[in-house]
Amino acid sequence: MSLRAIVLAAGKGTRMKSARPKVMHEICGRPMIWYVLRSLRDAGIEEIVLVTNAELDPYAAAFGVKSVIQREQLGTGHAVRVALEAMETRPGGKIVVAYGDMPLVPHATFRELVEALHGASLALVTARMGAASNFGRIVRDERGVRRIVEVKDATPQELALEEMNAGIYAYDEAALRDAIVRLRDDNAQNEFYLTDTIAGLADAGHRVAPIEAHKRDVLGVNDRTELATARAGLNARICDGHMRNGVTILDPLTTYLEPELTIGRDTVIYPNTSISLLSEIGEGCVIGPNARLSAAKIGDDATVRESVIVESEIGDGATVGPFAHLRGHTVLGAEVRVGNFVEIKNSTLAEGAKASHLTYLGDATVGEESNIGAGTITANYDGVNKNRTIIGKNVRIGSNSSLIAPVTIGDGALTGAGAVVTKDVAPGERVVGNPAKPLPKK
Ligand code: UD1
Ligand code: CA
């Protein structure tokens, strides 16, 4: 049996008032269309045709779907017709039609819908959205669902109907192809409504099978207010998933998560924390409050407070913050301590190393158990090149040292407070002053 989907996303999205195609607006770090496609795939629907406009079409390939451009937006029915014309006819095929502006539809809803199609020519999702909704109204008679009336075409009696069209459908392919060419645009918006296929098929004696969904799952995003509502809904769902897996989230409302994160059990996330871009966090960690983690990899039992971690790794038992900034491929080993007002870029700190206060480490390698004194900076940029600073094991860098890269400081060496280190320091050597010079051996 052939099962395919058509996703409509060619609409102008006028109500968003945006230069960006509506379905490319992000929700929890992913374009809203990403969620629709993921749900369809999770429901086992792999062949998807996206109906786009000229602005959206260049993005389609990145989503791994075929696309068809609907040059003129003549309505949802017209969009489906454009897609069908580009799709080979498959006898006995089934086609799901979904709208690209409904990012919260769970894959289970698509599954149920396809199951409901057994013995019917059309299955559709309905929901009770509340009286103010602009969703189409479902009109029934004693035989069941008969037609859908759009709000702009509805009589006051029809507007009062509580059962509404969520905008998700599954069709027997032959029935859809037949109904789609019969659509007319003699309505308030002069559009070819996909929703008129329901009356078309019901009138021709086909069975229409409705299934009901909860309104929070079928929210459509047409403007920025609905975008915010959808974000809150998705974020709550993502937080729920992690909490069910054993993560403590003190305040899901102020914890901003993305899909596809890994967070270990007994990790505690404090408020005002955002975690994005496939970050991985181990077990028993403390994250936040006020932390931003992006593409971060954090081991077990680590602590990150009031800090920003971007594209960096933190080892088991390490402590970062408050007020630290790790970025650009920084790697902290186990039990490393990074404290207040420390910025680290493209550097590696081995197990047990410490930079507790007011430090900049850029393009540096710091060995085990070395201590970087307050106010130390690596002068890694000479105006042309970025140069490395290599610090061995058990090194003591005195407060306010300036390490002028490229420079190597050997194991067990020491720099005095305020040292300006311009030349390599041998293992065990002690240097002081500007420029730093060795002290006599003890
Ligand atoms: C549509 C339904 C309505 C349903 C609601 C649920 C129709 C006629 N109405 O209304 O019954 O309650 O969704 O969310 O279908 N699109 C195209 N080409 C077009 C027009 C639209 O691809 O020519 C796409 C849009 O990009 C959008 C989707 O179809 O992703 C739905 O269009 P939209 O204008 O948002 O329809 P609604 O007014 O929300
Ligand atoms: Ca819509």
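Numbers for residues simply follow the sequence, beginning at 1. For ligands, and for the atoms within them, numbers begin at 1 and follow the listed sequence.
Taking distance alone, with nitrogen or oxygen atoms compared against 3.5 Å, Leu194 stays at or beyond that limit from ligand 1. In terms of N/O distances under 3.5 Å, ligand 1 is approached by Asp101. Geometrically, ligand 1 and Gln70 share a nitrogen or oxygen pair separated by less than 3.5 Å. Note: no N/O pair closer than 3.5 Å links Ala79 and ligand 1 by distance alone. Between Leu8 and ligand 1, at least one N/O pair is under 3.5 Å apart. The shortest N or O to N or O distance between Met102 and ligand 1 is not below 3.5 Å. On a distance-only criterion, Thr195 and ligand 1 share no N/O pair closer than 3.5 Å.
Distance alone, capped at 3.5 Å, is enough to place a donor-acceptor pair between the Ser279 side chain and the Ala295 backbone. Here the side chain of Ser67 pairs no donor or acceptor atom with the backbone of Asp57 at under 3.5 angstrom. In terms of modelled atom types and a separation under 3.5 Å, the side chain of Asn235 and the main chain of Leu257 share a donor-acceptor contact.
Taking 4.0 Å as the cut-off, Gly136 counts as a neighbour of ligand 1 on heavy-atom distance. Within the structure, ligand 1 lacks Gly77 among the residues with a heavy atom less than 4.0 angstrom away. Distances from ligand 1 to the non-hydrogen atoms of Met164 include no value under 4.0 Å. No heavy atom of His78 sits closer than 4.0 Å to any atom of ligand 1.
Asp101 contributes OD2 as its N, O or S atom closest to the Ca ion (ligand 2).
Residue nearest to atom 7 (C) of ligand 1, selected from Asp153, Thr76, Val221: Thr76 (by heavy-atom distance). Counting heavy atoms only, Ala166 comes closest to atom 6 (C) of ligand 1 of the residues Ala83, Ala166, Gly220. Looking at Pro21, Ala10, Gly75 and measuring to atom 23 (O) of ligand 1, the nearest heavy atom belongs to Gly75. Atom 15 (O) of ligand 1 has its nearest heavy-atom neighbour, among Phe192, Tyr99, Tyr193, in Tyr99. Between the choices Glu150, Glu191, Arg137, the shortest heavy-atom distance to atom 10 (O) of ligand 1 belongs to Glu150.
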**Report entry** Verdict with supporting geometry, Arg231 and Glu26, salt bridge (Lys or Arg N to Asp or Glu O under 4.0 Å)
**Finding:** CA-CA 9 Å; Arg231 192 214 61 82; Glu26 287 192 357; over 6 Å; no

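Residue, atom and distance of the protein heavy atom nearest to atom 16 (N) of ligand 1 are Gly11 N, 3.6 Å. What sits closest to atom 12 (O) of ligand 1 on the protein, heavy atoms only, is Asn165 O, 2.6 Å. Regarding atom 34 (O) of ligand 1, its nearest protein heavy-atom neighbour is Arg15 NH2, 4.1 Å.
Remark: the Ser294 side chain and the Ser276 side chain contain an N/O donor-acceptor pair separated by less than 3.5 Å. For the residue pair Thr197 and Tyr171, a side-chain donor N or O sits within less than 3.5 Å of a side-chain acceptor on the partner. Looking only at atom types and distance, the side chain of Asp363 has a donor-acceptor partner in the side chain of Asn346 under 3.5 Å away. A side-chain N or O of Lys22 and one of Asn222 form a donor-acceptor pair less than 3.5 Å apart.
Between Phe323 and Phe341, the ring planes are parallel. Angles under 30° get that label, and only those over 60° would be called perpendicular.
For a distance bound of 3.0 Å, the N, O or S atoms of Tyr99 include none lying that close to the Ca ion (ligand 2).
The shortest side-chain heavy-atom distance between Asn387 and Asn380 does not fall under the 4.5 Å cut-off. Here the side chains of Tyr35 and Pro259 are in contact, with some heavy-atom distance below 4.5 Å. Looking only at side-chain heavy atoms (C-beta outward), Glu260 and Glu258 stay at 4.5 Å or farther from each other.
Counting atoms of ligand 1 from 1 in the listed order, those under 4.0 Å from a heavy atom of Asn222 are 35 (O), 39 (O). Interface atoms of ligand 1 facing Gly100, defined by a heavy-atom separation under 4.0 Å, are 30 (O).
Closest heavy-atom contact between Ser133 and Val151: O-CG2, 4.0 Å.
For the atom pair CG (Asp172) and CZ (Arg177), the distance works out to 11.0 Å, reported to the nearest 0.5 Å.
Protein non-hydrogen atoms do not reach within 4.0 Å of atom 37 (P) of ligand 1.
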